[in-house]
Amino acid sequence: MNILMVTSEAVPFSKSGGLADVVGSLPIALNAKGQDCRIIVPAYNTPLEEAGKLVCKVSVKMLSSVEEVEIRLKTVNKVKYYFVCHPYFCDRLGIYGDTSFEPYADNFERFSVLCKAALELCPTIKWKPDVIHCHDWTAGLLPYFLKEKNSPFYKGTKTVFTIHNLAYQGTFQRMDFLMSDEKPHENLFKDGQVNMLKAGVAFSDFITTVSPTYAKEIQGEEQGCGLDELLRNRKSRLKGIVNGIDVKDWDPLHDPNIPVHFSASRPEKKAEVKAAVQKEFGLPRSANVPLFAMISRLASQKGFDAVIPCLETMLRTMKIQFVIIGTGDSRIERELREIAERNENLSVNILFSNKAAHLVEAGADFFLMPSRYEPCGLNQLYSLRYGTIPIVRKTGGLADTVVDIDEKPDEGTGLLFEELNPDEIVKHIKRAVELYNRDSFKKVIERAMKQDFSWSASAAEYIKVYEKITKDNKKGERK
């Protein structure tokens, strides 16, 4: 099956968040299962000669111009990356803005060009996709453009639209849609604005999101971000599929970022990594004190407004250590630093570091994720892989990937809680301390490390979706 992924970012070439990790990993797993999955993505801040081999040039018609776009190719891990080369992307510093706080004013035009260029590429290179898989709001207009194009070349081609985070919808002034030079439709708009994510939900043949629980949550008003009614109307074409992780990159037996290696069958070396974490981050070295970790964007969405009010009390009344790594809200950064100054058993590190993330994931005893919402989450999966027991709020992908040790003692891999408030945080940190002191703790670590969250299982679920919608098409043709 031919599959074209359309995305605004993909590792190893561009990344602002988890979307890039997903798109960089899923095609590898799909191709390993016999599919022909390719990626089209903009080339950011890149001279043409560094963007790969020239494949073709395509013309993209906009309202006031015809944009000439070069498509260049690189192959990584046997996956073909087609790069959209245009000043909209190549001459810009960032993906969505020069900084994460200042989006480019012309993002509607930029990502309209991406969607249109993707549709021009395939007939130009005479490669017909069975499925065009669009990721998040930046690719949300493509299913509509495809239907409006009504090209004989694309007869039978189906679209899948994946919601990675419903909160980011790509909204622009209604008049901006004129720039696309396409006929407007009422389902493209919400609250008087163009809504690119809504377009993807409304016009794609199938919708996926990144966990089964999140797929249910976004059909409700609380987490539906204003699109819950539309999602409920399309629930028969909506499915949650949990993200996988790169098990080669996150591998305690071969990770180059940790000083010693360990495995589920030989977990004892994990204690040496814990000692390395304590040394690296200025914590008192103690093998018998449970070490809790948070690696996160410092934001209320990640639950820090519930953690901060009880953090100092826990540090002073319990025999525990905490290491926190991340950047974000300046108020949260300041409050955490002030608490750390008063408590030697807390290390706060305002930084973004892949090496530090690997070291802490491998060395900590517990990983706290008290998220308000979490479409999928990756850190709990990394934690399980390294035998670092996750303590998570029962929401989104966290609820789908962690099994509570008290609810299912023979299957449990972590601790779950439902209410997000300081009292609940304290309660479940105490639960963790009790678990740490049980003889059964080693069995929980071993069980956690044996969980399989590779991309292979997730890829198989996506293939089922692709097969379903293409078979539906063939049934329609027979009728």
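Note that the structure is predicted; figures quoted are calculated from it, not measured.
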Open item on the list: Looking at V41, is its backbone amide N or carbonyl O close enough to the side chain of T7 to form a donor-acceptor pair, meaning the two atoms are under 3.5 Å apart?
Closed with: no

TODO: Evaluate whether atom CD of E221 has more than 12 neighbouring non-hydrogen atoms of other residues, nucleotides or ligands under 6.0 angstrom away.
DONE: no

Open item on the list: Quick check against the 3.5 Å criterion: does S458 have a side-chain atom that pairs as donor or acceptor with the backbone of V242?
Closed with: yes

TODO: List in chain and number order the residues that pass side-chain contact (heavy atoms from CB on, under 4.5 Å) with V289, two or more places apart in sequence or in another chain; answer none if no residue qualifies.
DONE: S286, K319, Q321

Open item on the list: Run the side chain to side chain donor-acceptor pair (under 3.5 Å) test against Q169 and tell me which residues pass, sequence neighbours left out.
Closed with: N195

Task: Minimum side-chain heavy-atom gap I245-V247 below 4.5 Å - done: yes

Open item on the list: Taking ring pair (Phe, Tyr, Trp, His ring centres under 6.0 Å) as the cut-off, I'd like each qualifying pair that reaches into residues 327-354, sequence neighbours left out, listed once.
Closed with: none

Quiz: residues 295-310 side-chain donor-acceptor pairs under 3.5 angstrom, not counting sequence neighbours:
| residue | atom | partner | partner atom | Å |
| --- | --- | --- | --- | --- |
| R297 | NH2 | Q301 | OE1 | 2.6 |
| Q301 | NE2 | Y373 | O | 2.5 |
| K302 | NZ | E374 | OE1 | 3.0 |
| K302 | NZ | E374 | OE2 | 3.0 |
| D305 | OD1 | R372 | NH2 | 3.1 |
| D305 | OD2 | R372 | NH2 | 2.2 |

Task: Test item: W455 and L26 side chains (from C-beta on) under 4.5 Å apart, heavy atoms - done: yes

Open item on the list: Among residues at least two apart in sequence or on other chains, which ones pass side-chain contact (heavy atoms from CB on, under 4.5 Å) with P259?
Closed with: V273, A276, L359

Open item on the list: Does atom OH (Y168) have a neighbourhood of more than 12 heavy atoms from anything else shown, all under 6.0 Å?
Closed with: no

Task: Pair E335 + R331: basic N to acidic O under 4.0 Å - done: yes

Task: Check against side-chain contact (heavy atoms from CB on, under 4.5 Å), F322 and I429 - done: CA-CA 11 Å; F322 252 91; I429 294 296; 4.1 Å; yes

Open item on the list: Going by salt bridge (charged side-chain N to carboxylate O under 4.0 Å, His left out), name the residues that satisfy it together with D404, two or more places apart in sequence or in a different chain.
Closed with: R431

- [ ] Say whether, by atom type as modelled, one donor and one acceptor occur between the side chain of R285 and the main chain of K279 under 3.5 angstrom.
- [x] no

Open item on the list: Is any side-chain heavy atom of I241 closer than 4.5 Å to one of V465?
Closed with: yes

Task: Atom pair CG/CG of N31 and N77 - distance to nearest 0.5 Å - done: 10.0 Å

Open item on the list: Whether K464 and E461 form a salt bridge (side-chain N of Lys/Arg under 4.0 Å from carboxylate O of Asp/Glu) is what I want to check.
Closed with: yes

Task: Polar contact flag, side-chain donor to acceptor under 3.5 angstrom, D246-S25 - done: no

Open item on the list: Taking side chain to side chain contact (heavy atoms under 4.5 Å, CB included) as the criterion, tell me which of N165, I218, L166 meets it with C225.
Closed with: L166

- [ ] Say whether, by atom type as modelled, one donor and one acceptor occur between the side chain of S211 and the main chain of P375 under 3.5 angstrom.
- [x] yes

Task: Sequence-distant partners of T162, side chain to side chain donor-acceptor pair (under 3.5 Å), two or more places apart - done: H133, T208

- [ ] Answer yes or no: is there a donor N or O on one side and an acceptor on the other, between the side chain of N345 and the main chain of L315, under 3.5 Å?
- [x] yes

Open item on the list: Does this structure show an ion pair linking K442 with E446, if we count only N-O contacts that are shorter than 4.0 Å?
Closed with: no

Task: Side chain proximity check, R385 to D251, heavy atoms < 4.5 angstrom - done: yes

Open item on the list: Using the ring centroid of each side chain, check whether F367 and Y386 are separated by less than 6.0 Å.
Closed with: no

Open item on the list: On a heavy-atom basis, which atom in T75 and which in K80 lie closest, and how many Å separate them?
Closed with: OG1-CG, 3.9 Å

- [ ] Tell me yes or no: between the side chains of K270 and T388, is some donor less than 3.5 Å from an acceptor?
- [x] yes

Task: Heavy atoms of other groups near R266 CZ, more than 12 under 6.0 Å - done: no

Task: Validation row: L311, M314 side chains within 4.5 angstrom (heavy atoms) - done: yes

Task: Contacts of type side-chain contact (heavy atoms from CB on, under 4.5 Å), residue T317, not counting sequence neighbours - done: T313

Open item on the list: Is any side-chain heavy atom of F366 closer than 4.5 Å to one of Y436?
Closed with: yes

Task: E344 atom CD, over 12 foreign heavy atoms within 6.0 Å - done: no

TODO: Return yes if some donor-acceptor pair links the side-chain N/O of E272 with the main-chain N/O of E268 below 3.5 Å, else return no.
DONE: no

Open item on the list: Distance check, rounded to the nearest 0.5 Å: F83 atom CZ versus S14 atom OG?
Closed with: 7.5 Å

- [ ] Assess the side chains of S265 and S263: does a donor N or O sit below 3.5 Å from an acceptor N or O?
- [x] yes

Open item on the list: If only side-chain N and O atoms count, and only distance matters, is there a donor-acceptor pair under 3.5 Å linking S8 with Y96?
Closed with: yes

Task: Donor-acceptor pair, side chain of R393 and main chain of F417, under 3.5 angstrom - done: no

Open item on the list: Checking ring pair (Phe, Tyr, Trp, His ring centres under 6.0 Å) between F13 and each of Y81, Y44, F89, which is the one that passes?
Closed with: Y81

Open item on the list: Please report the interatomic distance CD(E70) to CG(L48), rounded to the nearest 0.5 Å.
Closed with: 5.0 Å

Open item on the list: Going by side chain to side chain donor-acceptor pair (under 3.5 Å), name the residues that satisfy it together with Y88, two or more places apart in sequence or in a different chain.
Closed with: none

TODO: Any chance you could measure Y82, atom OH, to R72, atom CZ, to the nearest 0.5 Å?
DONE: 14.5 Å

Task: Residues R237, D205: salt bridge by 4.0 Å N-O rule - done: no

Task: Where at least one partner belongs to residues 35-53, residue pairs that pass salt bridge (charged side-chain N to carboxylate O under 4.0 Å, His left out), sequence neighbours excluded - done: D36-R38

Open item on the list: A quick test of your reading: do over 12 heavy atoms of other residues, nucleotides or ligands sit less than 6.0 Å from NZ of K269?
Closed with: no

Task: Reported CG-to-CD distance for the pair L384 and E361, which is rounded to 0.5 angstrom - done: 9.5 Å

Task: Approximate separation, where rounding is to 0.5 Å, of T395 OG1 and Q223 CD - done: 4.5 Å

Open item on the list: For the residue pair R92 and Y104, would you count it as a cation-pi contact if the rule is NZ or CZ under 6.0 angstrom from the ring centre and within 45 degrees of the ring axis?
Closed with: yes

TODO: Would you sort out whether E280 and S347 count as a side-chain contact (heavy atoms from CB on, under 4.5 Å), showing the intermediate values?
DONE: CA-CA 10 Å; E280 177 71 20; S347 175; over 6 Å; no

Open item on the list: H261: which residues meet the side chain to side chain donor-acceptor pair (under 3.5 Å) condition with it, sequence neighbours left out?
Closed with: none

TODO: Ignoring hydrogens and angles, state whether a donor on the side chain of K33 or S456 is under 3.5 Å from an acceptor on the partner side chain.
DONE: yes

Open item on the list: Run the side-chain contact (heavy atoms from CB on, under 4.5 Å) test against N421 and tell me which residues pass, sequence neighbours left out.
Closed with: E419, D423, E424

Task: Flag side-chain contact, heavy atom, 4.5 Å: Q451 against V403 - done: no

Task: Minimum side-chain heavy-atom gap I389-I391 below 4.5 Å - done: no

